[in-house]
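Notes to accompany the following structure.
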Amino acid sequence: MSDDILHIEASRSMWNGKAKTLCGITIPKPETVWFAWLSSKPRCQACESANRGR
């Protein structure tokens, strides 16, 4: 991803592989991170607050 921020995926299209994140952006070819807490990349604050609000 170009902005090097970890987003939380809300859904993924089975037709084209695009992922929609909790903060509302669509990522064309998302990179999957299995253990996000081990990553040194910053996390998206909007995704984290949306995840807490679920």
Side-chain angles (χ1 to χ4, degrees):
M1 187 165 22
S2 62
D3 60 1
D4 274 350
I5 294 176
L6 289 177
H7 292 276
I8 300 172
E9 186 176 307
S11 64
R12 187 180 294 227
S13 170
M14 61 186 248
W15 301 109
N16 59 14
K18 290 182 180 179
K20 181 128 180 161
T21 65
L22 288 178
C23 66
I25 65 170
T26 301
I27 302 171
K29 293 186 183 266
E31 156 189 335
T32 302
V33 179
W34 289 98
F35 301 106
W37 60 89
L38 295 175
S39 176
S40 61
K41 291 182 181 180
R43 291 173 181 82
C44 175
Q45 296 300 316
C47 283
E48 285 193 351
S49 64
N51 190 37
R52 282 190 294 262
R54 279 193 194 186

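Along the sequence shown, the residues carry numbers beginning at 1.
- With sequence neighbours excluded, no residue forms a side-chain hydrogen bond (donor to acceptor under 3.5 Å, both in side chains) with Ser40.
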### Task
Decide side chain to side chain contact (heavy atoms under 4.5 Å, CB included) for Arg43 and Ile5; before the verdict, give the C-alpha distance in whole Å, the side-chain angles of both, and the deciding distance to 0.1 Å.
CA-CA 5 Å; Arg43 291 173 181 82; Ile5 294 176; 5.8 Å; no

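- By the side-chain hydrogen bond (donor to acceptor under 3.5 Å, both in side chains) test, Glu48 pairs with no residue at all, sequence neighbours left out.
- Of the inter-residue distances, the one linking Asp4 atom CG with Lys41 atom NZ reads 5.0 Å to the nearest 0.5 angstrom.
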### Task
Go through the steps to decide whether Ile27 and Thr21 satisfy the test side chain to side chain contact (heavy atoms under 4.5 Å, CB included), and finish with yes or no.
CA-CA 8 Å; Ile27 302 171; Thr21 65; 3.7 Å; yes

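- Distance check: Leu22 CG to Ile8 CD1 gives 5.5 Å after rounding to the nearest 0.5 Å.
- Partners of Ala46 under the side chain to side chain contact (heavy atoms under 4.5 Å, CB included) rule, at least two apart in sequence or in another chain, are Cys23, Cys44.
- For residues 8-28, every residue pair satisfying the salt bridge (charged side-chain N to carboxylate O under 4.0 Å, His left out) rule, not counting sequence neighbours, is listed here: Glu9-Arg12.
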